[in-house]
Asks: 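Sharing a structure, written as structure tokens. Questions coming.
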Amino acid sequence: QVQLVESGGGLVQPGGSLRLSCAASGTIFRVHVMGWYRQAPGKQRELVAGITSSDSTNYADSVKGRFTISRDNAKNTVYLQMNSLKPEDTAVYYCNARLSRTLMSMTPENYWGQGTQVTVSS
């Protein structure tokens with residue numbers, strides 16, 4: 001059993017900030033990549049930010065300079081600090097983790113959080 005537990009999200013005004021958290025728990029040997037995706041109504045789910053086991057990061061062009069992804073390896077937790085929020089950031093945000101549950105796992109498995117709504121009023 002592997003679970004991703006998210007917290008954060010809510011309703012904010014343009015220019016406001018939110019901090020999302022996601023903790024992976026259960027039988028885990030190694031987490032390879034954790035990231036945040038979002039999906040707005042009528043839109044395809046897209047990558048917002050990702051961070052690897054070596055702490056390299058990448059961001060969608062639309063959030064560069066405003067969002068920061070970080071991780072705490074001891075807690076298998078990933079964070080997304082969102083500043084200067086815009087109405088177009090409104091979406092359901094999903095935590096994702098690619099991980100191996102055992103040493104002998106040949107194919108990393110993909111896990112998703114339940115999603116959290118972020119609404120930026122205009």
Side-chain angles (χ1 to χ4, degrees):
Q1 180 77 55
V2 175
Q3 293 178 302
L4 302 184
V5 180
E6 300 177 333
S7 62
L11 175 64
V12 298
Q13 61 184 345
S17 297
L18 284 173
R19 179 180 169 89
L20 306 182
S21 301
C22 174
S25 63
T27 302
I28 301 172
F29 176 70
R30 180 171 296 157
V31 177
H32 305 286
V33 184
M34 298 188 77
W36 291 94
Y37 292 72
R38 68 186 181 188
Q39 188 167 23
K43 299 286 188 178
Q44 189 171 328
R45 186 174 299 186
E46 64 174 351
L47 175 68
V48 178
I51 184 167
T52 71
S53 58
S54 60
D55 287 334
S56 64
T57 59
N58 68 292
Y59 297 89
D61 288 340
S62 59
V63 307
K64 287 181 179 178
R66 300 187 297 120
F67 292 9
T68 302
I69 189 170
S70 61
R71 69 186 299 172
D72 183 337
N73 290 333
K75 298 181 178 181
N76 287 327
T77 299
V78 65
Y79 307 91
L80 185 67
Q81 178 66 47
M82 303 184 293
N83 298 326
S84 302
L85 284 162
K86 305 175 179 180
E88 51 262 46
D89 295 318
T90 296
V92 178
Y93 284 70
Y94 297 91
C95 176
N96 173 266
R98 292 188 61 81
L99 56 88
S100 297
R101 291 187 291 113
T102 71
L103 174 65
M104 298 304 298
S105 296
M106 301 303 295
T107 303
E109 300 174 7
N110 211 34
Y111 291 88
W112 293 92
Q114 78 284 356
T116 183
Q117 177 71 46
V118 172
T119 301
V120 185
S121 65
S122 59

Asks: When rounded to the nearest 0.5 angstrom, what distance separates CH2 in W36 from OH in Y79?
Replies: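 Going from CH2 on W36 over to OH on Y79, the span is 10.5 Å.
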
Asks: Go through the structure and list residues passing salt bridge (charged side-chain N to carboxylate O under 4.0 Å, His left out) with E46, not counting sequence neighbours.
Replies: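 In terms of salt bridge (charged side-chain N to carboxylate O under 4.0 Å, His left out), with neighbours along the sequence ignored, E46 is linked to R38.
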
Asks: Could you go step by step and tell me if M82 and Y93 meet the side-chain contact (heavy atoms from CB on, under 4.5 Å) rule?
Replies: CA-CA 12 Å; M82 303 184 293; Y93 284 70; 3.9 Å; yes

Asks: Pick out which of V33, N96, I69 makes a side-chain contact (heavy atoms from CB on, under 4.5 Å) with V78.
Replies: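 When V33, N96, I69 are each tested with V78, the side-chain contact (heavy atoms from CB on, under 4.5 Å) holds only for I69.
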
Asks: Would you list the pairs meeting side chain to side chain donor-acceptor pair (under 3.5 Å) in which at least one residue belongs to residues 63-73, sequence neighbours left out?
Replies: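 Those involving residues 63-73 are D61-K64, R66-D89, R71-N73.
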
Asks: Treating S56 as the side-chain partner and S54 as the backbone partner, does any N or O pair qualify as donor plus acceptor under 3.5 Å?
Replies: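 Not at all, since once roles are kept as given, no pair shorter than 3.5 Å links the two residues.
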
Asks: Does the side chain of Q114 come under 3.5 Å of the side chain of T116 through a donor N or O and an acceptor N or O?
Replies: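 Looking only at side-chain atoms, T116 and Q114 do not form any donor-acceptor pair under 3.5 Å.
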
Asks: Please tabulate, for the side chains in residues 99-108, all donor-acceptor contacts under 3.5 angstrom to protein atoms that are two or more places apart in sequence or on a different chain.
Replies:
| unit_1 | atom_1 | unit_2 | atom_2 | d |
| --- | --- | --- | --- | --- |
| S100 | OG | H32 | NE2 | 2.8 |
| R101 | NE | E109 | OE1 | 3.0 |
| R101 | NE | E109 | OE2 | 3.4 |
| R101 | NH2 | E109 | OE2 | 3.2 |
| T102 | OG1 | M104 | N | 3.4 |
| T102 | OG1 | S105 | N | 3.4 |
| T102 | OG1 | S105 | OG | 3.0 |
| S105 | OG | T102 | N | 3.3 |
| S105 | OG | T102 | O | 3.3 |

Asks: By the rule that ILVMFWY residues connect when side-chain heavy atoms come within less than 4.5 angstrom, directly or transitively, which residues belong alongside W112?
Replies: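 So far as hydrophobic clustering goes, W112 is joined with Y37, L47, V92, Y94.
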
Asks: So how far is it from L85 CG to F67 CZ, rounded to the nearest 0.5 Å?
Replies: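 Answer for the CG-CZ pair, L85 versus F67, is 5.0 Å.
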
Asks: Identify all side-chain donor-acceptor contacts of residues 3-31 below 3.5 Å with residues at least two apart in sequence or on another chain.
Replies:
| unit_1 | atom_1 | unit_2 | atom_2 | d |
| --- | --- | --- | --- | --- |
| E6 | OE1 | G115 | N | 2.9 |
| E6 | OE2 | C95 | N | 2.5 |
| S17 | OG | N83 | OD1 | 2.9 |

Asks: Could you walk me through whether E88 and V120 satisfy the side-chain contact (heavy atoms from CB on, under 4.5 Å) test, starting with their C-alpha distance in whole Å, then the side-chain angles of each, then the deciding distance to 0.1 Å, before giving a yes or no?
Replies: CA-CA 8 Å; E88 51 262 46; V120 185; over 6 Å; no

Asks: Tell me, which pairs form a disulfide (SG to SG under 2.5 Å) where one or both residues lie in residues 27-71, sequence neighbours left out?
Replies: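 Residue pairs passing disulfide (SG to SG under 2.5 Å), neighbours aside: none found.
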
